[in-house]
Protein chains: 2
Amino acid sequence: MKILEARTRTAAIGRPVRNAAIGFEAMTASALALVTDRGTGYAFDSIGRYGKEGLLRERFIPRLLNSPLQGLADEKGLIDPDACVRAVMANEKPGGHGERPGAVGLIEAAAWDLRAKLLGVPLWKALAERYGTRNASPEIAAYATCGHWGDDTSLADEVRRALDAGYACIKIKIAGDLGADLPRIETARRLASRLAVDVNGALSRESAEKWLDALALFGLEWIEEPAPPLDFELLRKYSELSRTPLATGENLFSLDDARNLLRYGGLRPERDFVQVDPLLSYGVGEYVRILELFAAWDRRQFLPHAGHLFAAHCVAGLGLGMAEAAPDASLAYGGYWDGVRPAGGRLTIPDAPGVGFERKRQLFALLEDV
Amino acid sequence: MKILEARTRTAAIGRPVRNAAIGFEAMTASALALVTDRGTGYAFDSIGRYGKEGLLRERFIPRLLNSPLQGLADEKGLIDPDACVRAVMANEKPGGHGERPGAVGLIEAAAWDLRAKLLGVPLWKALAERYGTRNASPEIAAYATCGHWGDDTSLADEVRRALDAGYACIKIKIAGDLGADLPRIETARRLASRLAVDVNGALSRESAEKWLDALALFGLEWIEEPAPPLDFELLRKYSELSRTPLATGENLFSLDDARNLLRYGGLRPERDFVQVDPLLSYGVGEYVRILELFAAWDRRQFLPHAGHLFAAHCVAGLGLGMAEAAPDASLAYGGYWDGVRPAGGRLTIPDAPGVGFERKRQLFALLEDV
């Protein structure tokens, strides 16, 4: 079997009708034709959600076409739908089944950049004014995320460089397996006085109690995503077992999901951290509604995931705990504004209007070229 | 202020590194430039999720550009990010914050169509064989969904037509307000012996108890989406208050979300219905994992949302309760295969290979043209 092409098209299916929640005037659906040398498979969307042609074209269809063909067929040589799903889901994060919140968040973020520029103030100030933040300040804390597998440098070198770059709190990626994790944690712990670890939902359930007990000895700042993002029951269990603070939320993209985390996740306001990402979650407006929902929590327990320059302004303008940094300032989305370096894990946002993308040359080159 | 254009671009940000869950080789992010006559706002994605250029271009940016400009500015004439979000979220369904599951589901569905064609059997048979369904049969039950606001015909005429078309169980849209709903329910109830209602999450909380009590007198088949899709706590409360069966799940797109519905929603296996939509939820593979999770439930309590011909095969091949139909067979996605009409609410899937799109002329014209 050979896949010749996969074509998709958005079909307008709008009708001038409404249900109790929405109107259907501009409703669309996706049609898909999967053309192989042995015939064509068709699919047409379920009605009631909008078409997603862009996602199909840009992300999922290329993975299907680039997949080794024998991998998509079963032992009889027939196309295997399960294998197709595995192929197109390669390297998709678990949980957080949403793209809409990120698309909307991006639009809101550009509107914020412009609004702050029109006001002639840095974004954090515009946010603080809009949302009445009392303790807003351009001086914020940031932590550095290190230790992805596959980087050429050793973990020790990478942590050392992040400390040299002026970060005080370091987060490293770990695997969720004690044998693999302990040497990494010991290495990083010898260098960094403030260390957090991120297991990205991959902690093995069977050995979780022993693993949490072993990690408790290191005085870590937090353990990130011990449970898959939407398994609130498992998170609650880990929360009871853990003597280390827990952090999670980067794969929850809405007030709805954050509410369920609060209701069911067993997190503790005085101990744990929430890492919802404004850029991925409908923007700052929804993020502030989430903060209001967590009214019993100190805002410093909120550490927005990634988000780079924009998230740094959110930390400053909403009085949050820390921003997350990719410490390698040579990357377009690493470090901060040109010439701004953290010292002792703290940095000051420059006094430029808006986000200040213009002051991070490498990133601005990319934005200007949009 | 005048929005001149909104440009977006996907930026490759891949690095050959991994965390415990995924690799980042082909990671992308979206960059956005919002160009107005008063300056340009920029945004760059949070790192760690893929770019969503297609969604931005096709769906959200056009809504922004087509929005009345005065609606996007605040009283000072500055761009208002909240208003931008309201504009781009127009007519988006509440809850179900996901596009990825639907894009993947569509690919899986086309693979299933092709697989069944290669096997030379109708899809339901291929599904039944793959998943070992004991009571699979091409004869299925289907119900008709009626009563959207804005249709020219009166509710009574529409219900009458659906009954004339051969449906026995009729679902009508209602508003969640007793004054508006009672006359509609009374009208439909006089005509249809089996009636369900769909409130699309819009039931007013304050009057919910009274509303549920009033509706209990009509002997309805079910009340659909009384609570917003992800508010499991509210659903649990309504489940306790309601003497009518409840139905929900069309806006839950994953095993993760379905598990939370099962854990927290207070639904009862012997009474309530689950309406997860395979096409919107990563496909049949994920749907079957959901069925396995609800092992204590009779599969006839599963009524897949929409899905048209594909969902009808799922009902037949997985032994589910009923398919949902748009009863107007003159629509490309209404009715069933040409020449197939329900009788007494039951119909028989024709013996064509695959989904049989080729036997629904109007829909197939659309698919051939992809």
Engineer: So what's closer than 4.5 Å to chain A heavy atoms on B:T10: side chain, backbone, both or neither?
Structural biologist: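 Just its side chain gets close to chain A.
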Engineer: Establish, yes or no, whether a centroid distance under 6.0 Å links the rings of A:F310 and B:F44.
Structural biologist: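 Not close enough - the centres of the two rings lie 6.0 Å or further apart.
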Engineer: In terms of heavy-atom pairs under 4.5 Å with chain A, which of B:I13, B:I174, B:T8 leads?
Structural biologist: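 Among the listed options, the one with the most contacts to chain A is B:I13.
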Engineer: If you count heavy-atom pairs under 4.5 Å between each of A:E25, A:E53, A:K76 and chain B, which one has the most?
Structural biologist: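 Highest number of pairs under 4.5 Å: A:E53.
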Engineer: Please flag which part of B:Y333 lies under 4.5 Å from any non-hydrogen atom of chain A: side chain, backbone, both or neither.
Structural biologist: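 Only the side chain of B:Y333 comes within 4.5 Å of chain A.
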Engineer: Examine distances only and state if a side-chain atom of A:K117 and a backbone atom of B:G39 form a donor-acceptor pair shorter than 3.5 Å.
Structural biologist: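 No, A:K117 side chain to B:G39 backbone: no donor-acceptor pair under 3.5 Å.
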Engineer: Applying ring-ring contact (aromatic ring centres under 6.0 Å, His included), name anything that partners A:F24, two or more places apart in sequence or on another chain.
Structural biologist: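 Counting only residues at least two positions away or on another chain, A:F24 forms a ring-ring contact (aromatic ring centres under 6.0 Å, His included) with B:H148.
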Engineer: Verify, without hydrogens or angle tests, whether B:R7 (side chain) and A:V370 (backbone) share a donor-acceptor contact under 3.5 angstrom.
Structural biologist: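 Present.
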Engineer: Taking every heavy-atom pair that is under 4.5 Å apart, which of B:S254, B:A202, B:A29, B:A33 has the most such pairs with chain A?
Structural biologist: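 Counting heavy-atom pairs under 4.5 Å, the top option is B:S254.
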Engineer: Do you know which two heavy atoms are closest between B:D45 and A:L279, and how far apart they sit?
Structural biologist: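 Smallest heavy-atom distance, with atoms named: C-CD1, 4.0 Å.
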Engineer: Identify the two heavy atoms, one from A:L106 and one from B:S30, that lie closest to each other, and give their separation to 0.1 Å.
Structural biologist: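 Minimum heavy-atom contact is CD2-CB, 3.4 Å.
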Engineer: Quick one: closest heavy-atom pair of B:A43 and A:A110, and the distance?
Structural biologist: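 Heavy atoms of B:A43 and A:A110 come nearest at CB-N, 3.5 Å.
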Engineer: Does any heavy atom of chain A fall under 4.5 Å from the side chain of B:M27, the backbone, both, or neither of them?
Structural biologist: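 Looking at B:M27, nothing touches chain A.
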Engineer: Given a strict heavy-atom distance threshold of 4.5 Å, which part of B:L309 is in contact with chain A: side chain, backbone, both, or neither?
Structural biologist: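 Neither part.
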Engineer: Search all heavy atoms of B:A20 against all heavy atoms of A:A175 and return the closest pair with its distance.
Structural biologist: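 The pair with the smallest heavy-atom distance is CB-CA, 3.9 Å.
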Engineer: Could you check if a side-chain atom of A:D198 sits within less than 4.5 angstrom of a side-chain atom of B:N19, using non-hydrogen atoms only?
Structural biologist: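 No, side chains not in contact.
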Engineer: In terms of heavy-atom pairs under 4.5 Å with chain B, which of A:K173, A:M89, A:E358 leads?
Structural biologist: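 Top count of heavy-atom pairs under 4.5 Å with chain B: A:M89.
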Engineer: At what distance, to the nearest 0.5 angstrom, does CD1 of B:I22 lie from CG of A:N200?
Structural biologist: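 So the CD1 of B:I22 and the CG of A:N200 are separated by 7.5 Å.
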Engineer: Give a yes or no on whether a salt bridge exists between A:D231 and B:R263, defined as a side-chain N under 4.0 angstrom from a carboxylate O.
Structural biologist: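 Salt bridge: yes.
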Engineer: Find the one option among B:L367, B:V284, B:L203, B:L366 whose heavy-atom pairs under 4.5 Å with chain A are most numerous.
Structural biologist: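 Option with the top pair count is B:L367.
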Engineer: Counting only non-hydrogen atoms closer than 4.5 Å, does B:E225 touch chain A with its backbone (N, CA, C, O), its side chain (CB onward), both, or neither?
Structural biologist: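 The answer is neither part of B:E225.
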Engineer: Where on B:T36 is there a heavy atom nearer than 4.5 Å to chain A: the side chain, the backbone, both, or neither?
Structural biologist: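 Contact with chain A: side chain only.
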Engineer: B:H305, B:E324, B:H308: which one forms the most heavy-atom pairs within less than 4.5 Å of chain A?
Structural biologist: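 With the most close heavy-atom pairs to chain A, the winner is B:H305.
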Engineer: Using a cut-off of under 4.5 Å for heavy-atom pairs, which of B:G285, B:G102, B:A83 has the most such pairs with chain A?
Structural biologist: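 Looking at each option in turn, the highest pair count goes to B:G102.
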Engineer: So for B:D369, is it side chain, backbone, both, or neither that comes closer than 4.5 Å to the heavy atoms of chain A?
Structural biologist: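 Both the backbone and the side chain of B:D369 come within 4.5 Å of chain A.
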Engineer: With sequence neighbours excluded, tell me which residues meet ring-ring contact (aromatic ring centres under 6.0 Å, His included) with B:F364.
Structural biologist: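 Counting only residues at least two positions away or on another chain, B:F364 forms a ring-ring contact (aromatic ring centres under 6.0 Å, His included) with A:Y42.
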Engineer: Nearest 0.5 Å please: distance from the CZ atom of A:R130 over to the CG atom of B:D74.
Structural biologist: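 Reported to 0.5 Å precision, the distance equals 7.0 Å.
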Engineer: Tell me whether the NZ or CZ atom of A:R63 lies within the 45° cone about the ring axis of B:Y50 and under 6.0 Å from its centre.
Structural biologist: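 Yes.
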Engineer: Is any side-chain heavy atom of A:I107 closer than 4.5 Å to one of B:V85?
Structural biologist: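 SC-SC contact between B:V85 and A:I107 ruled out.
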Engineer: What option among A:A180, A:G147, A:A6, A:G54 has the most heavy-atom pairs under 4.5 Å with chain B?
Structural biologist: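 Of the candidates given, the most pairs with chain B belong to A:G54.
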Engineer: Sort out for me which of A:C84, A:P101, A:G201 touches chain B most, counting heavy-atom pairs under 4.5 Å.
Structural biologist: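 Highest number of pairs under 4.5 Å: A:P101.
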Engineer: Below 4.5 Å from any heavy atom of chain A, which atoms of B:E58 appear? Answer side chain, backbone, both or neither.
Structural biologist: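 For B:E58, side-chain heavy atoms alone lie under 4.5 Å from chain A.
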Engineer: Measuring heavy-atom distances to chain A, does B:V88 have an atom under 4.5 Å in its side chain, in its backbone, in both, or in neither?
Structural biologist: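 The answer is the side chain of B:V88.
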Engineer: Do you know the tightest heavy-atom contact between A:I79 and B:L118?
Structural biologist: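 So the minimum-distance heavy-atom pair works out to N-CD1, 4.2 Å.
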Engineer: Among the options B:L331, B:N251, B:D257, pick out the one with the most heavy-atom pairs lying under 4.5 Å from chain A.
Structural biologist: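 Most pairs with chain A among the choices: B:N251.
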Engineer: With rounding to the nearest 0.5 Å, note down the distance linking CZ in A:R59 to NZ in B:K52.
Structural biologist: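 It comes to 8.0 Å.
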Engineer: For B:A90, is it the side chain, the backbone, both, or neither that has a heavy atom closer than 4.5 Å to a heavy atom of chain A?
Structural biologist: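 Backbone only.
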Engineer: So which of A:G307, A:P278, A:G51 has the largest heavy-atom pair count under 4.5 angstrom toward chain B?
Structural biologist: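 Top count of heavy-atom pairs under 4.5 Å with chain B: A:G307.
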Engineer: Check whether B:E92 gets within reach of chain A through its side chain, its backbone, both or neither, counting any heavy atom under 4.5 Å.
Structural biologist: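 Both backbone and side chain.
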Engineer: Counting heavy-atom pairs under 4.5 Å with chain B, which one of A:L363, A:V355, A:V199 comes out on top?
Structural biologist: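 Maximum pair count with chain B is reached by A:L363.
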Engineer: How close do B:V17 and A:G150 get, counting heavy atoms only, and between which atoms?
Structural biologist: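 Answer, listing the atom of B:V17 first, then A:G150: CG1-C, 4.0 Å.
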Engineer: Tell me, do A:D82 and B:E108 make a side-chain contact under 4.5 Å, heavy atoms counted?
Structural biologist: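 Yes, close enough: below the 4.5 Å cut-off.
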Engineer: Tell me, side chain or backbone of B:T40 under 4.5 Å from chain A's heavy atoms, or both, or neither?
Structural biologist: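 The backbone, not the side chain.
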Engineer: If I measure from the heavy atoms of chain B, does A:A11 come under 4.5 Å with its side chain, its backbone, both, or neither?
Structural biologist: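 It is the side chain, since no backbone atom gets that close.
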Engineer: Verify, without hydrogens or angle tests, whether B:N91 (side chain) and A:G23 (backbone) share a donor-acceptor contact under 3.5 angstrom.
Structural biologist: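 Indeed, once roles are kept as given, a pair shorter than 3.5 Å links the two residues.
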Engineer: Side chain, backbone, both or neither: which part of B:A103 has a heavy atom under 4.5 Å from chain A?
Structural biologist: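 Interface part for B:A103: both.
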Engineer: Considering only NZ, NE, NH1 and NH2 on the basic side and carboxylate oxygens on the acidic side, decide whether B:R115 and A:D80 come within less than 4.0 Å.
Structural biologist: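 No salt bridge links B:R115 with A:D80.
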Engineer: Please look at B:R57 and chain A and tell me whether the side chain, the backbone, both or neither of the residue comes under 4.5 angstrom of a heavy atom of that chain.
Structural biologist: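 Nothing of B:R57, per the 4.5 Å heavy-atom cut-off to chain A.
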Engineer: Using only atom types and a distance under 3.5 Å, with no angle test, would you say the side chain of B:N260 pairs donor to acceptor with the backbone of A:L230?
Structural biologist: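 Yes; judged by distance alone, with no hydrogens or angles, the pair exists.
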